[in-house]
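See structure below.
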Amino acid sequence: MWRERAREVAEKVVRPNAAKYDKLQEYPWDIKDAIAKAGLMGVWISKEYGGQGGGVLDLCICVEELSRACGGVGVLYAVNALGTFPVMVGGTEEQKHRWLTPIAKGEKLISFGLSEKFAGSDAASLRCNARREGDYFVLNGEKKWNTNGGAADIYTVFCVTDGDSKSRRISALMVEKGMPGFRIGKVEDKMGIRCVPVVEIHFDDCRVPAKNVLGESAGMGFKHAMATLDKARPGVAAQAVGLAQGALEYAQVYAGHREQFGAPISSFQMIQAMLADMATKVEAARQLVHVAARAVDTGAPNVSKLSAMCKLFATDVAMEVTTNAVQIFGGYGYMRDYPVEKLFRDAKVTEIYEGTSEIQRIVIARGLGRDSHQ
Ligand code: CAA
């Protein structure tokens, strides 16, 4: 059901406008409204908080379908799950009602603020800090690579609340746009996913109510961030599967029409082998995403490993398949007149954000270590 609904939005609203928003590098509010109207915004949120009561598998299916038409729209949607997962993982009942419900209803958007200029892969080294002053935390510092930044109303911000503690150094604060001291800085000019803003955020003595600390208990932020990434990485992997599937379909159609040496290029074995390998890898990636997403939804042990595996595998597949799609289109593939170069540009970031492929290998290797101790 979710696949059908998401595909309808993707075909009617996303695909016809994908090139336009890529060129403009503007947030597509009409597309976001269509996604919300189709009820897709709350797919992963339980019904008691106004959502559709689905899980990460349902989310992944929607992300795949939207990304098949536009990788930017795929992440524009998925990043709301990334922002809400810390609340689902660590929030109190009151916090879940307060922040999940408006997201589930499509009334508000959310962004996830973990990375900083000097803290990317080494997320624990972040410096943005908040000191307690009575009923408030006073937040100072800056965040980098905030996807959805500026468009979003709510920001899940990871910051240092106890610099002396080793394991309880970091907390997650829920910050709302418009709080005094909150400022959107540089808006990035990106290679791909150009319809969704990625920004720097500055906090200058930003006063955040102490009740906005997740779990209403400081110091759990890093664990919340890591548990969040375990739940969210299959979504990036699904974005990669959608991009690869979209590129495969374009390449297949083009190869059927394009004639060289007096025959469609799809009749040449080298092209057939390319398409066969592309299709096989896309299907393998999809199945791994579904296995990982089900593991997250059922609370399986050692889910970090599977989640990292599906992201590592699917994002490499997306890069390979979109590259080969450009190759099959030849000179036309390199031009902006045809859609495959955009899919190729959109695909690259999936190997970088929510943990680079190198970080995924570290997580997998650590997971293997845990398996061997069981
Ligand atoms: N779940 C819960 N807790 C976890 C955990 C998990 N999956 N993984 C680690 N922890 C806990 C550990 O148990 C440990 O707890 P104690 O201090 O109590 O012992 C603590 O967290 C620290 O763990 P590590 O020592 O393993 O941490 P580390 O510093 O070695 O880092 C890492 C591990 C995997 C490299 C991590 O830093 C990481 O994932 N880095 C990549 C960051 C990342 O993915 N950033 C993406 C930004 S978001 C983004 O990209 C958004 C976007 O634009 C769309």
Side-chain angles (χ1 to χ4, degrees), residues 25-27 75-76 79-80 82-87 90-92 94-95 98-99 102-103 107-166 168-190 196-226 228-229 353-354:
Q25 200 165 204
E26 269 178 14
Y27 190 91
V75 66
L76 164 158
V79 82
N80 290 289
L82 176 69
T84 54
F85 284 152
V87 183
T92 62
E94 189 274 328
Q95 291 175 332
R98 181 147 52 115
W99 289 307
I103 308 291
E107 294 164 358
K108 287 190 175 174
L109 300 174
I110 190 163
S111 176
F112 179 84
L114 180 65
S115 302
E116 298 178 3
K117 275 184 189 159
F118 303 104
S121 291
D122 183 8
S125 69
L126 63 88
R127 298 175 189 177
C128 193
N129 69 86
R131 63 171 196 282
R132 183 83 189 242
E133 269 186 19
D135 289 341
Y136 287 86
F137 277 99
V138 181
L139 183 58
N140 278 290
E142 56 189 41
K143 288 284 162 190
K144 185 102 182 142
W145 320 125
N146 285 263
T147 308
N148 235 8
D153 309 275
I154 307 167
Y155 295 77
T156 310
V157 177
F158 294 87
C159 55
V160 178
T161 44
D162 183 356
D164 295 331
S165 170
K166 202 168 177 298
R168 298 196 57 156
R169 192 173 158 266
I170 294 169
S171 301
L173 277 187
M174 304 305 291
V175 181
E176 290 175 29
K177 186 159 78 175
M179 282 181 170
F182 171 100
R183 182 170 57 88
I184 299 290
K186 183 180 175 208
V187 180
E188 305 290 349
D189 185 6
K190 307 180 295 301
V196 58
V198 172
V199 305
E200 288 178 3
I201 301 181
H202 302 272
F203 303 103
D204 303 303
D205 285 336
C206 179
R207 291 174 74 78
V208 183
K211 64 179 182 10
N212 284 23
V213 70
L214 269 195
E216 286 185 0
S217 138
M220 294 303 289
F222 193 72
K223 288 186 177 71
H224 291 160
M226 292 299 108
T228 288
L229 290 166
Y353 59 24
E354 292 193 34

Nearest 0.5 Å, what's the CZ-OG1 distance between Phe85 and Thr156?
11.5 Å

Measuring from Tyr155:OH to Leu109:CG, what's the distance to the nearest 0.5 Å?
8.5 Å

Evaluate the side-chain proximity of Asp205 to Glu133: yes if any heavy-atom separation is below 4.5 Å, no if none is.
no

Does the side chain of Ser115 come within less than 4.5 Å of Tyr353's, by heavy atoms?
no

Student check: side-chain heavy atoms of Arg168 and Met220 closer than 4.5 Å:
yes

Measure from the side-chain N and O atoms of Gln95 to the backbone N and O of Gly215, and report whether any donor-acceptor pair falls under 3.5 Å.
yes

So, Arg183 and Glu142, do they make that salt bridge, N to O below 4.0 Å?
no

Do the non-hydrogen side-chain atoms of Cys128 and Leu139 ever get within less than 4.5 Å of each other?
yes

Answer yes or no: is there a side-chain heavy-atom contact under 4.5 Å between Val175 and Phe203?
yes

Taking C-beta and beyond as the side chain, do Asn148 and Tyr27 meet within less than 4.5 Å on heavy atoms?
yes

Would you give the length of the straight line joining atom CZ of Arg98 to atom CD1 of Ile103, rounded to the nearest 0.5 angstrom?
12.5 Å

Value for CZ (Phe158) from NZ (Lys143), rounded to nearest 0.5 Å, stands at 8.0 Å

Side-chain contact, heavy-atom cut-off 4.5 Å: Asn212 with Phe137?
no

